[in-house]
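These notes concern the structure reproduced below.
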2 protein chains.
Amino acid sequence: MAKLRRVVLERLMRYYRFLSESSFKKPPQTITSAQIAEALDIDPTQVRKDFGTIGLLGIGRVGFDVCEVCRAIRFNLGFDQRQEAVLIGTGHLGTALLAYSGFASYGLHIVAAFDSDSDKVGGEIAGCAVKPMRAMKPYIKRRGIRLAILTAPHEVAQKLADRLVSAGIKAIWNFAPTRLTAPPDVLVRDEHISLGLSVIAHHLAQATRPDRGQDTEGRAP
Amino acid sequence: MAKLRRVVLERLMRYYRFLSESSFKKPPQTITSAQIAEALDIDPTQVRKDFGTIGLLGIGRVGFDVCEVCRAIRFNLGFDQRQEAVLIGTGHLGTALLAYSGFASYGLHIVAAFDSDSDKVGGEIAGCAVKPMRAMKPYIKRRGIRLAILTAPHEVAQKLADRLVSAGIKAIWNFAPTRLTAPPDVLVRDEHISLGLSVIAHHLAQATRPDRGQDTEGRAP
DNA sequence: CCCCTATTGAGATTTTTTTCACGTTTACTA
DNA sequence: TAGTAAACGTGAAAAAAATCTCAATAGGGG
Ligand SMILES: NC(=O)c1ccc[n+]([C@@H]2O[C@H](COP(=O)([O-])OP(=O)(O)OC[C@H]3O[C@@H](n4cnc5c(N)ncnc54)[C@H](O)[C@@H]3O)[C@@H](O)[C@H]2O)c1
Ligand SMILES: NC(=O)c1ccc[n+]([C@@H]2O[C@H](COP(=O)([O-])OP(=O)(O)OC[C@H]3O[C@@H](n4cnc5c(N)ncnc54)[C@H](O)[C@@H]3O)[C@@H](O)[C@H]2O)c1
C-alpha cells in the first residue's frame with residue numbers, strides 16, 4: 001500500500017461518503033467520474049487521477065464499479081480493519097464524539113474514555129465507560145490501542161499527548177486549539193474547528209466593508 | 001479590504017491564535033517571522049508574505065509589532081465586528097458549540113438556537129434560548145442575522161440550508177456530512193470533521209500493512 | 001560614528017496541485 | 001459489423017502554493 005498525500009486522502013474520503021449513500025448500491029452499480037465530479041464539485045480528471053493512484057481502472061463508456069471503488073478506498077484508508085480508540089476528556093465535545101454513530105462506518109470504535117474529573121469517572125457516556133486517568137496507560141498498553149482522540153482543554157493538551165505517546169499511542173486526533181508536538185512516528189492531526197471561522201468571518205466582513213482602494217494610495221479604482 | 005485566499009485566511013487564523021496567547025503581550029511586544037514560523041511549523045518567508053498581503057511591514061533586525069499584527073488580522077478577518085449567529089439543531093454537537101466560550105474572541109456570538117424537537121424548544125442551553133423552527137425566519141430577518149451554524153442531521157441539512165438562505169442568511173457553517181449547495185453570494189463552509197479520519201486511518205493502516213511493493217514514495221510526476 | 005549581524009521584502013525558483021487536450025477503449029445502434 | 005459517442009488514461013500545461021536567495025535595512029556594540 002503506497003503512501004498517499006493528504007489532499008488525496010481527503011478527497012478519497014469524500015468519494016467514499018458520497019458513494020456509500022445507498023442510492024448507488026442498486027444496479028447497474030456503476031458511476032462515471034463526471035457524475036462524482038458534478039456532485040462533489042471536483043474536476044472529473046482529478047477523480048480519475050485519484051482512482052488511478054489507488055489502482056482503480058474504469059472502463060470506457062461505462063465508468064467505475066461502485067462496489068469496487070468503495071472496496072479500494074476502504075482498503076487504502078484502512079476502514080476494513082477494526083480500529084479501536086480511546087477518548088480523553090469527556091466534556092461537551094468529547095460527549096458529542098462519543099455519541100456520534102457515524103464513525104463506525106469507517107471502522108472506528110471508541111472503546112474507552114478517560115477524564116480527570118472524579119464526578120465523571122465511573123459513569124458511562126453513550127455506552128462507553130469513563131475511567132480515571134491513572135487507568136489510561138495500562139488500558140492502552142493491555143489492549144494495544146493505537147489511536148487517541150483528545151478533547152481536553154488546551155492547557156493540558158500537550159501534557160496529555162506526551163502521556164499518550166509514552167503509553168504507545170501511534171496517532172492522536174486532537175480537537176484542542178493547540179499545535180501538538182510528538183515524535184515523528186506518531187501522527188498528530190490537529191482538527192482546528194475554528195479555522196473555518198476565518199473564511200466565514202472574512203466573507204462577511206467583505207460584504208460589510210467593500211474594498212475601497214486601500215493599498216496603493218492615489219490610484220482610485 | 002482585499003479578498004484573501006482560503007489558505008492565507010487559515011494561516012492568519014493560526015497566527016492570531018498563537019499571538020493572542022498572553023505570553024507575547026508583554027514588552028517588547030515584538031516577534032520575528034522566524035519565531036512564529038518555528039512555533040507553527042511554517043516557513044518564515046511564508047509568514048512574511050502573509051503579513052505583507054494584509055499590509056503589515058516589519059522592521060529589520062526587530063520583527064513585527066505583536067499588537068499591530070493582531071489588529072491587522074482582526075480587521076482583515078472581521079473579528080473586530082460583532083457577528084451574531086443562529087444555530088440550527090441543538091443535539092450533541094450543537095450543544096458543544098453553544099457551550100464553547102472560545103468563539104467570543106473572534107467576535108462570534110450565538111444569539112439563538114432553533115430545533116424541531118418540541119422537548120427542546122423553550123429550554124435554554126448555555127444561556128441561549130432554544131426556539132421553534134417556525135420562529136427562525138422572522139427572527140433572522142428581524143435581527144438581520146447573516147450567519148447560521150448548522151448542526152442538524154444530514155438528511156435535513158440541504159432543506160434547512162434552503163430555508164436559511166430564503167431567510168436572508170449570507171454564510172452557513174455546516175457541520176453535517178453533506179455538501180450543501182447555495183446561491184453564489186452565500187458562503188458555505190462545510191466543516192467535515194471526519195475528513196481528518198482519512199489521514200489518521202491511512203497512517204495506522206500503513207503501519208499495519210507496509211508497502212509490500214517496490215518504491216518508497218509515489219514518484220508519479 | 002561605523003561596523004556587524006539579525007531580519008526584512010521581494011523577485012526568482014521549485015514543488016505541488018489542478019486543469020486541459022487528446023488518443024484510446026467500449027457499448028450501443030443501425 | 002462498422003460507425004458513433006461517451007467515457008477513460010495520461011502526459012503536458014497552467015495555476016497555486018511553498019521555498020530559496022539576496023540586497024537593503026536597522027539595532028547594538030565597540
Ligand atoms: N466545544 C466545542 O464546540 C469546541 C470547539 C472547538 C474546540 N474545542 C476544544 O475541545 C476541547 C474540549 O472542549 P469542551 O467544550 O468539550 O470542553 P469541556 O470543558 O466541556 O471539557 C473538557 C473535559 O476535559 C476534562 N479534563 C480537564 N483536564 C483534564 C486532564 N488533565 N486530564 C483529563 N481530562 C481532563 C474535563 O474534566 C472535561 O470533562 C477544548 O480544548 C476546546 O478548546 C471545543
Ligand atoms: N456529534 C458529532 O461528534 C459529530 C461529528 C461529525 C459530524 N456530526 C454531524 O453533526 C450533525 C449533528 O450531530 P449530533 O451528534 O449533534 O446529532 P443529534 O442527533 O444529537 O442532534 C441533531 C439535532 O437536530 C435536531 N433536528 C432534527 N431534525 C431537525 C429539523 N428538521 N430541523 C431542526 N432541527 C432538527 C434534532 O432535534 C437534534 O436536536 C449531524 O449531521 C452529524 O452527522 C456530528
Side-chain angles (χ1 to χ4, degrees), chain A residues 2-15 19 24 27-66 68-69 72-73 179 195 198-199 202 215-216, chain B residues 2-15 19 24 27-69 72-73 179 195 198-199 202 215-221:
Chain A
K3 189 174 174 201
L4 303 172
R5 280 193 265 257
R6 196 181 52 76
V7 281
V8 177
L9 290 169
E10 293 190 354
R11 277 197 301 268
L12 288 174
M13 186 66 152
R14 296 178 60 192
Y15 303 145
L19 295 174
F24 297 102
Q29 300 177 312
T30 63
I31 192 168
T32 68
S33 59
Q35 286 175 281
I36 298 175
E38 160 78 19
L40 266 38
D41 195 25
I42 293 177
D43 189 276
T45 309
Q46 187 78 80
V47 176
R48 296 201 293 273
K49 284 238 157 84
D50 289 337
F51 285 3
T53 63
I54 56 171
L56 281 169
L57 287 203
I59 40 186
R61 179 99 197 217
V62 173
F64 295 83
D65 182 286
V66 173
E68 204 187 316
V69 171
I73 296 181
R179 202 184 83 84
L195 278 194
S198 64
V199 181
H202 179 253
D215 57 350
T216 45
Chain B
K3 191 174 173 200
L4 302 173
R5 278 194 285 256
R6 197 181 51 77
V7 281
V8 177
L9 290 170
E10 293 190 354
R11 276 196 303 268
L12 287 175
M13 186 67 152
R14 295 178 60 190
Y15 304 144
L19 295 175
F24 297 102
Q29 298 178 310
T30 63
I31 194 166
T32 68
S33 59
Q35 284 174 281
I36 298 175
E38 160 77 21
L40 267 37
D41 195 27
I42 293 177
D43 188 275
T45 309
Q46 187 77 81
V47 177
R48 296 200 293 275
K49 284 244 157 78
D50 289 338
F51 285 2
T53 63
I54 57 170
L56 281 169
L57 287 203
I59 40 188
R61 181 104 194 207
V62 174
F64 296 82
D65 181 285
V66 174
C67 294
E68 205 188 317
V69 171
I73 296 181
R179 201 184 82 84
L195 278 193
S198 63
V199 181
H202 179 253
D215 65 344
T216 48
E217 232 280 35
R219 187 132 305 129

Sequence neighbours excluded, which residues qualify as side chain to side chain contact (heavy atoms under 4.5 Å, CB included) partners of [X]?
{"X": "A/Arg6", "result": "A/Glu10, A/Arg189, B/Val199"}
{"X": "A/Ala39", "result": "A/Phe18"}
{"X": "B/Arg5", "result": "B/Val7, B/Val8"}
{"X": "A/Glu38", "result": "none"}

Closer than 3.5 angstrom, by distance alone: can the side chain of B/Arg11 be matched with the main-chain N or O of B/Asp50 as a donor-acceptor pair?
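No.
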Base, sugar-phosphate alone, or nothing: which one does A/Arg6 contact when heavy atoms must sit under 4.0 Å apart?
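No contact.
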Show each protein N/O and nucleotides 2-10 of chain C N/O combination with a separation under 3.5 Å, one pair to a line.
| residue | atom | partner | partner atom | Å |
| --- | --- | --- | --- | --- |
| C/dT5 | O2 | B/Arg61 | NH1 | 2.7 |
| C/dT7 | O4' | B/Arg61 | N | 3.2 |
| C/dT8 | OP1 | B/Ser33 | N | 2.9 |
| C/dT8 | OP2 | B/Ser33 | OG | 2.7 |
| C/dT8 | OP2 | B/Arg48 | NH1 | 3.4 |
| C/dG9 | OP1 | B/Gly58 | N | 2.6 |
| C/dG9 | N7 | B/Arg48 | NE | 3.0 |
| C/dG9 | O6 | B/Arg48 | NH2 | 3.2 |

Kindly write out the residues that satisfy salt bridge (charged side-chain N to carboxylate O under 4.0 Å, His left out) with A/Arg179, not counting sequence neighbours, or none if the list is empty.
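For A/Arg179, the residues satisfying salt bridge (charged side-chain N to carboxylate O under 4.0 Å, His left out) (neighbours in sequence not counted) are B/Asp41.
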Name all pairs fulfilling the salt bridge (charged side-chain N to carboxylate O under 4.0 Å, His left out) condition that reach into residues 53-62 of chain A, sequence neighbours left out, sorted by first residue then second.
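For residues 53-62 of chain A, and leaving out neighbouring residues, there are no salt bridge (charged side-chain N to carboxylate O under 4.0 Å, His left out) pairs at all.
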Whole-Å distance separating the NZ atom of A/Lys3 from the P atom of C/dT16:
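Whole-Å distance recorded here is 12 Å.
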Can you name the ring-ring contact (aromatic ring centres under 6.0 Å, His included) partners of A/Phe51, sequence neighbours left out?
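Expected list: A/Tyr15, A/Phe64.
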Opening and closing nucleotides of DNA chain D in contact with chain A, under 4.0 Å to non-hydrogen atoms
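It runs D/dA5 to D/dA12.
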